[in-house]
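Each remark here refers to the structure printed beneath this line.
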Amino acid sequence: MGILGKLSEKPWVKSQSDVDNLHEGGTFTIPTPWLGLNVLFAVIAVLFLLLSIAYYHHRIVHASEYQAAAAQSASFLDLCLSSGPTWFGLPKLWLLWVNTAILFLGSIAMQGLQSATRRGQADSVRDYLLIAGALTTAFLVGQIVVARQLAGLGFFAATTPAVAFFLIIALLHGLHVFGGLLPLGRVGARLWRGDKVADLRLIVELCTAYWHFLLVIWLLLFAMLLLT
Amino acid sequence: MVDVTPSAVDYVAPAHEEDELYHPHSFLTKYVWSQDAKIIAIQYAGTATAIGLVALVLSWLMRLQLGFPDTFSFISPEAYYQFITVHGMIMVIYLLTALFLGGFGNYLIPLMVGARDMVFPYVNMLSYWVYLLAVLVLVASFFLPGGATGAGWTLYPPQAILNGTPGRDYGIILMLVSLIIFIIGFTMGGLNYVVTVLQARCRGMTLMRLPLSVWGIFVATILALLAFPALFVGCVMMLFDRILGTSFFMPRIVEFGEQLAYGGGSPILFQHLFWFFGHPEVYIVALPAFGIVSDLISTHARKNIFGYRMMVWAIVAIGGLSFVVWAHHMYVSGMNPYFGFFFATTTLIIAVPTAIKVYNWVLTLWRANIHLTVPMLFAIAFILTFVNGGITGLFLGNVVVDVPLSDTMFVVAHFHMVMGVAPLLVIFGAIYHWYPLITGRMYNNALGQFHFWVTFVGAYLIFFPMHYLGFVGVPRRYFEINDTTFVPANVHELNMFISVVALIVGFAQMVFLYNIISSIWYGKKAERNPWRATTLEWQTPEVPPGHGNWGKETPVVYRWAYDYSVPGVAQDYIPQNTPPDDVPMAKPHRLQPA
């Protein structure tokens, strides 16, 4: 029964009451932790959606400056450094592509971890866990290096709005990725303690979904930053 | 009669409850690092009350300045703006939101849905401690050089981070950090409230058998989960502007004759982000109040709530509509006239489900067996106050009326009535109502009545005249108005009167605190279900409810939450968990022969 059907029930009517008395409780058939994770996904998605809207708003406000800059033969960077904050597209740094690839590989490793956990192969679980953890950490370090590279090239957050947006998006995304490392670390600790692989199945599946979700979020944000 | 068949989608196999329930083993894990939602609720309520008292004192200081200007040398213009800002932020976020969702949400949801606890108790515990950290960071801003921010509770840039605004150095940073921490903590709690309502209900508890208190808290939590990210994004971006010198919200600007490095940012963007959170926030506070007051009225009027389904629909509709009215706070910021038309229209539309709720409360009271207990007095006072505040909201929702009234004391009077006094009346009513359950004792009724009458009458004496002040053009957020030519002389006398009443009403809250604290030890022992309520929280084997709430087995629900004064039944209420065969029937009356 859909939500509209549920909302039109008349709980005081006897025929409805007889039906309701058979109800076992919960609303959805998916396990509770999965529902919690889906709610969290919705909150995170709204967060990044609002950031993206702010980005496009800024982009529109700066559209005229951008066109004026594009019409000049002078370097955009010179222009923005000489006349204050001016719209300037995100520089095409190769390291950003590498970081994206690392995050993608991290997601694949998590998928491998999930498969190994389902099969109950403790050795594979340990290997995939280490690979996924290392790749994710490498991604975070890579993002920090990108920020430093941008500063080294003269693209400061204060002078180039696109870089400012990149920093804020990378920071918030990175914090979410870092947050994911905490339960993944817990998986490692439990494995080290000798817990059965089967007992780790739920938390590994949740972590894997979280990794895939953050990968999709990053791909969308990265595309937005690159294409505008 | 409706014909409904059970659906496979509705079925969820019951969890192995005892395996999942957390059991504390020491004093620290039982009362400090507690994962029991009832203890967490009390922790939330205690912290919210403590920080609320700070906000109360700040309001006294503001009223002293407005009523008696040039009298108190320790209230400087800078301090006045700091008082305004922190008072507003504490009241809206750290008191009302925290108390309704963290306090009542934690206490009532598991008990009312028949669960043993929240579904993620560890995360729930973290939620409180993160909230406490947010409160401490906010308070710390008073003690740093420059003091707390004086940017106004809306924190509008560019002035919020420019020189000349009090607390520009550290105050604004700590305020933004505190809000960010609060939102992280709330998200942890909010996940629990939503998922617990959806998944942890006991057998027989369908969504449409839920008490309206749970519906209000549930929908308000969904709003908060979707609206707080807007404030989060705004805070992080402004923090970047303040610390890293970015220009998300900062236009090209000259400060004290000097061109600043900022440029190209949009202050209006912050306003949109703020009010995209800010208007749902009104309903984040109001919806739990709507739900709770419905239960108070029904219980103390011994009558089923009028139009239960419509009440649920109205809560859901208000929740949805609250996301498309935000820009009515920004009419004077400048916008396309069609936008103004759109937002004025949506603002009027949201009044429809809200009015339905008011009619239904009144119709519930119609020919009911009304018991004028202290909770009931507060509930009735809420209806009156909410109608008053709501009607002035219709004034301000219209662009042509809003523009001249904007930034006057009329606006201050409006929002204090509708989202200050009205929800607080519900909070007081709810505390008196559930006090016997939480403590096992009754409060002192005489002190409760005193508290009600002083608060209710006093609130009207404070905020009714403020509408007049707004009409004659007295601006809000002014340290002093002195002999401004367009302000009549009686404004000063009225300000003095309001300030005296505000002090009296404030002291009446001390009586309330004395009552609820002293009654823990000296109050009369409460009966098991003193209000003869139907809802599950009153049907626990122990009062106050023990760890795990329900003893060996969770309850089974056989009816909706509003079986009051059912014809033919011996008593005037049937608890939700009373099986149909156990309902005591009244003896049939026999007509005496003439």
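Below, chains carry the letters A, B, ... as their sequence lines are ordered, and counting in each starts from 1. The analysis underlying the following values was restricted to heavy atoms, covering all of them including side chains, and did not include hydrogens, waters or symmetry mates. Only a predicted model underlies this, so the values are computations on that prediction, with no experimental measurement involved.
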Under 4.5 Å from a heavy atom of chain A, the part of B:F240 involved: side chain
Segment of B:F228 engaging chain A (4.5 angstrom heavy-atom cut-off): neither
Over 60° means perpendicular and under 30° means parallel, so tell me whether B:F274 and B:F277 are parallel, tilted or perpendicular. perpendicular
Using non-hydrogen atoms and a 4.5 Å limit, figure out which bit of B:T187 sits close to chain A: side chain, backbone, both or neither. side chain
Parallel, tilted or perpendicular, judged at 30° and 60°: which one describes the rings of B:F323 and B:F276? tilted
Heavy-atom pairs under 4.5 Å with chain B are the metric here; pick the option from A:D20, A:V39, A:V46 that has the most. A:D20
Side chain, backbone, both or neither: which part of A:L171 has an atom under 4.5 Å from a heavy atom of chain B? side chain
Under a 4.5 Å cut-off applied to non-hydrogen side-chain atoms, are B:D563 and B:N304 in contact? no
Looking only at heavy atoms and a cut-off of under 4.5 Å, which of B:H272, B:M237, B:Q259, B:M250 has the most pairs with chain A? B:M237
Leading residue by heavy atom contact count with chain B [cutoff under 4.5 Å; candidates A:L49, A:I53, A:L50, A:N38]: A:L50
Does A:W218 use its side chain to pair, donor to acceptor, with the backbone of A:T100 at less than 3.5 Å? no
Check each atom of B:Y562 against the heavy atoms of chain A and say whether the ones under 4.5 Å are side chain, backbone, both or neither. neither
When the ring planes of A:W12 and B:W560 are compared, do they come out parallel, tilted or perpendicular, using 30° and 60° as the limits? tilted
Counting only non-hydrogen atoms closer than 4.5 Å, does B:V236 touch chain A with its backbone (N, CA, C, O), its side chain (CB onward), both, or neither? both
Is a donor from one side chain sitting under 3.5 angstrom from an acceptor on the other, for A:S17 and B:R209? yes
Just say parallel, tilted or perpendicular for the rings of B:F249 and B:F270, cut-offs at 30° and 60°. perpendicular
Interface check, chain B: of A:L40, A:D18, A:V43, A:L51, most non-hydrogen pairs under 4.5 Å belong to A:V43
Charged N to carboxylate O under 4.0 angstrom, A:R190 versus A:D199? no
Part of B:M208 within contact of chain A (heavy atom distance under 4.5 Å): both
Can you tell which part of A:L172 gets under 4.5 Å to a heavy atom of chain B, answering side chain, backbone, both or neither? side chain
Non-hydrogen atoms of chain A under 4.5 Å away: do they reach the side chain of B:L226, the backbone, both or neither? both
Between B:V233, B:L225, B:L269, B:D241, the one whose heavy-atom pairs under 4.5 Å with chain A are most numerous: B:L269
For B:M310, I'd like to know if atom CE has over 12 heavy atoms of other residues, nucleotides or ligands within 6.0 Å. no
